[in-house]
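Notes follow the structure.
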Amino acid sequence: MNWPLELEVAHKLAQMRGWLEDQRAGAVRLRGVDWFAWATAGASNSHSHTAECGCAEVLVTRGAAYILTDEAEAMRMREEEVRGPWTWQVSPWMQPQLYELREHFVQHAAGGAPVLSDRPGLHERSLPVALREERLVLLESEQLRYRQVGQLAAGAAADALRQARPDWSEQELAAACVRALWLRGLQAVHVLVSGEDRQHRYRRAPPAQVLLGTQAVLALCARRFGLCASLSRQRRFGPAQRRADGGAVAMDDADAAMLALEAVALDACETGHALSMVYHALDSAYAYAGQPDTVRTSRQGGIHGYLAPEVAAGAHTEILLKRGMALAFHPSLPGSTVEDTFLLDGNQLHNLTHDPAWPSAVVQGRRRPLTLALA
């Protein structure tokens with residue numbers, strides 16, 4: 001069902017009120033950028049890409065649903081960000097009045113009962129793990145927004161890499177990528193770039209003021225509607241191989257080895273499997289590829305959504321994979337990496353960041369990106 005925004009918000013308000021009953025609490029208070037976006041069906045409460053909390057909060061009781069913000073932000077947020085059946089509680093922006101008035105209002109609204117919060121303050125209780133896990137299963141309306149984010153992010157990466165030149169610095173490529181993201185209405189959560197010299201030394205690295213040289217790896221995480229899409233792409237500067245249709249493609253041993261390793265992890269992504277199973281599948285694949293212990297020296301990704309990752313894959317992450325979860329893994333070998341964001345549907349993975357214009361090959365029934373080789 002493709003729910004309109006108002007119905008999605010109503011569903012989540014009912015969900016949160018169910019939490020109040022289960023936990024015998026008086027209010028749910030959501031401060032974080034991630035939880036605010038979830039509760040409001042994609043609105044943002046922050047000007048900063050890296051902020052954990054923003055200028056507005058969600059407060060839900062059994063009988064009301066509030067947006068708590070200040071006078072400096074209320075008008076813009078009402079007009080441009082937040083829609084739905086919210087009651088606005090607006091306070092002066094000055095401290096300490098803002099803090100005092102807001103805390104008094106929250107305690108009064110909760111009626112003296114406990115307050116559940118994603119970032120609990122004094123006298124508040126943390127959201128139980130089971131409640132935090134509920135948001136990992138995305139509604140169809142969230143999935144549709146996620147597909148839009150993924151397609152825009154993939155297009156931005158492709159534009160930046162196609163423009164790049166071997167005499168660009170890593171930072172110039174990162175800047176081109178950030179510009180491409182902003183032009184598509186996306187926030188850059190992170191943009192990682194490594195050129196010829198650094199990609200064999202580091203699995204993932206922020207861009208430096210060094211030249212790209214003969215090849216470049218670009219990895220990014222972009223956000224819109226609160227949802228984070230991650231991907232990586234590679235470019236080689238040099239003679240391009242050609243397909244029969246004239247397109248540029250480079251399927252070499254490095255691509256083949258990298259995609260074969262990744263396929264082991266993606267094959268383990270099935271409904272009902274624990275996330276740790278994907279971790280152990282990667283561990284075995286690295287050993288077979290002659291790179292033992294890599295999962296212990298490099299992060300590998302995990303469950304995605306309103307954070308990247310929401311839950312990192314590890315040896316003991318026993319959370320079960322469910323239909324509607326998003327997954328992104330970034331396995332790597334020296335000088336090579338691959339990543340896309342997928343939506344789990346039964347035992348099928350739908351690639352949210354697939355770019356049909358990017359060179360690719362079918363590996364284990366999935367179309368996977370190759371290194372772009374252009375002169």
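Given the structure is predicted, the values throughout are model-derived calculations rather than measurements.
- For the residue pair Q234 / T371, a side-chain donor-acceptor distance below 3.5 Å is found, with atom types taken as modelled.
- With hydrophobic clusters built from ILVMFWY side chains whose heavy atoms lie under 4.5 angstrom apart, Y306 does not share a cluster with V189.
- At least one side-chain heavy atom of F342 sits under 4.5 Å from a side-chain heavy atom of L266.
- No hydrogens or angles considered: nothing links the side chains of T40 and R83 as a donor-acceptor pair under 3.5 Å.
- Checking each of R233, R203, R204 against E339 for a salt bridge (Lys or Arg N to Asp or Glu O under 4.0 Å) leaves exactly one that passes, namely R204.
- With hydrogens and angles disregarded, no donor-acceptor distance shorter than 3.5 Å links the side chain of Q148 to the backbone of L144.
- With rounding to the nearest 0.5 angstrom, the CG atom of L116 is 7.0 Å from the CG atom of L131.
- Salt bridge R62/E21: present, at least one basic N to carboxylate O contact under 4.0 Å.
- Counting heavy atoms from C-beta outward, Q300 and P331 have side chains that approach closer than 4.5 Å.
- Between T353 and D355 there is no side-chain heavy-atom pair separated by less than 4.5 Å.
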Candidate pair N45 and V82, rule side chain to side chain contact (heavy atoms under 4.5 Å, CB included), full reasoning: CA-CA 9 Å; N45 66 343; V82 180; over 6 Å; no
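- L186 approaches A153 most closely through the heavy-atom pair CD1-N, 3.5 Å.
- Looking at D252 and R236, a side-chain N of the basic residue comes within less than 4.0 Å of a carboxylate O on the acidic one, giving a salt bridge.
- Contact record, T341 with A328: OG1-CB, 3.9 Å, taken as the closest heavy-atom pair.
- Under the 4.0 Å criterion applied to side-chain N and carboxylate O atoms, R296 and D283 are assigned as salt-bridge partners.
- Side chain to side chain, E81 and S44 fail the donor-acceptor criterion of an N or O pair below 3.5 Å.
- Atom CG of L127 and atom CE of M16 lie 10.0 Å apart (nearest 0.5 Å).
- Between R102 and E57 there is a salt bridge, with a side-chain nitrogen of the basic residue lying less than 4.0 Å from a carboxylate oxygen of the acidic one.
- At least one donor-acceptor pair under 3.5 Å links the side chain of T294 to the backbone N or O of Q291.
- Closest approach of V193 to R198, counting heavy atoms only: O-NH1, 3.6 Å.
- With 3.5 Å as the limit, one finds a donor-acceptor pair spanning the side chains of Q364 and D267.
- The shortest distance between side-chain heavy atoms of W35 and V58 does not fall below 4.5 Å.
- Atom CD of E52 sits in a sparse spot, with 12 or fewer heavy atoms from other residues, nucleotides or ligands closer than 6.0 Å.
- A donor and an acceptor atom, one from each side chain of W19 and E134, are located under 3.5 Å apart.
- Between L212 atom CG and E170 atom CD the span is 6.5 Å, to the nearest 0.5 Å.
- Clustering ILVMFWY residues whenever any of their side-chain heavy atoms sit less than 4.5 angstrom apart, transitively, puts L333 in a cluster other than the one holding V278.
- A heavy-atom distance below 4.5 Å is found between the side chains of F36 and I67.
- Between P309 and I303, the closest side-chain pair of non-hydrogen atoms is not below 4.5 Å.
- Proximity of a side-chain donor or acceptor of E142 to a complementary backbone N or O of L139 within less than 3.5 Å is detected.
- Under a cut-off of 6.0 angstrom, the local environment of NE2 in H200 is crowded, with over 12 non-hydrogen atoms contributed by other residues, nucleotides or ligands.
- Hydrophobic cluster membership is shared by V60 and L5, with clusters built from Ile, Leu, Val, Met, Phe, Trp and Tyr side chains linked at under 4.5 angstrom.
- Between the S117 side chain and the R119 main chain, a donor and an acceptor come within less than 3.5 Å of each other.
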D197 vs V210, side chain to side chain contact (heavy atoms under 4.5 Å, CB included): CA-CA, chis, key distance, verdict: CA-CA 9 Å; D197 290 337; V210 297; 5.8 Å; no
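- Proximity of a side-chain donor or acceptor of D70 to a complementary backbone N or O of E73 within less than 3.5 Å is detected.
- Interatomic distance, NE2 of H280 versus NE2 of H273, reported as 13.0 Å (0.5 Å rounding).
- Between L183 and D159, every side-chain heavy-atom pair lies at or beyond the 4.5 Å cut-off.
- Residues A308 and C221 share a closest heavy-atom pair of CB-SG, 3.6 Å.
- Checked by atom type, the side-chain pair S360/R367 shows a donor-acceptor distance below 3.5 Å.
- In this structure, CE in M325 is found 11.5 Å from SG in C269, a value given to the nearest 0.5 Å.
- Y288 has its side chain out of reach of L261: every pair of non-hydrogen atoms, C-beta onward, lies at least 4.5 Å apart.
- Considering CG of L173 and CZ of R165, their distance stands at 11.5 Å, rounded to 0.5 Å.
- The backbone N or O of S332 lies less than 3.5 Å from no partner atom in the side chain of T337, so there is not a single donor-acceptor pair.
- Aromatic rings from F225 and Y146 are positioned such that their centres are separated by 6.0 Å or more.
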List the steps, then state whether side chain to side chain contact (heavy atoms under 4.5 Å, CB included) holds for Y286 with D293. CA-CA 8 Å; Y286 278 119; D293 299 325; over 6 Å; no
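- The two residues L275 and G302 make their nearest non-hydrogen contact at CD1-CA, 4.5 Å.
- Checked by atom type, the side-chain pair S230/H304 shows a donor-acceptor distance below 3.5 Å.
- For Q348, the CD atom sits in a loose shell: 12 or fewer heavy atoms of surrounding residues, nucleotides or ligands are nearer than 6.0 Å.
- More than 12 heavy-atom neighbours from other residues, nucleotides or ligands sit within 6.0 angstrom of CH2 on W88.
- L30 and V90 end up in the same hydrophobic cluster when Ile, Leu, Val, Met, Phe, Trp and Tyr side chains are linked at under 4.5 Å.
- Side chain of Q107 to backbone of G112: no donor-acceptor contact under 3.5 angstrom is found.
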Tell me, with the steps shown, if L352 and D340 meet side chain to side chain contact (heavy atoms under 4.5 Å, CB included). CA-CA 7 Å; L352 302 179; D340 276 299; over 6 Å; no
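- Side-chain atoms of R235 never come within 3.5 Å of backbone atoms of Q215 as a donor-acceptor pair (strictly under, hydrogens ignored).
- E124 places a side-chain N or O within donor-acceptor distance of the main-chain N or O of G121, the cut-off being under 3.5 Å.
- Smallest separation of non-hydrogen atoms from L227 and R145: CD1-CB, 4.1 Å.
- A donor-acceptor pair under 3.5 Å is formed between the side chain of R17 and the backbone N or O of T61.
- The cluster map of Ile, Leu, Val, Met, Phe, Trp and Tyr, joined by side-chain heavy atoms under 4.5 Å apart, puts V338 and L327 in different clusters.
- Within a 6.0 Å sphere centred on CZ of R323, heavy atoms belonging to other residues, nucleotides or ligands number 12 at most.
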Checking E310 against R135 for the salt bridge (Lys or Arg N to Asp or Glu O under 4.0 Å) test, could you report, in this order, the C-alpha distance in whole Å, the side-chain angles of both residues, the deciding distance, and whether it holds? CA-CA 10 Å; E310 294 266 18; R135 85 168 190 194; 2.8 Å; yes
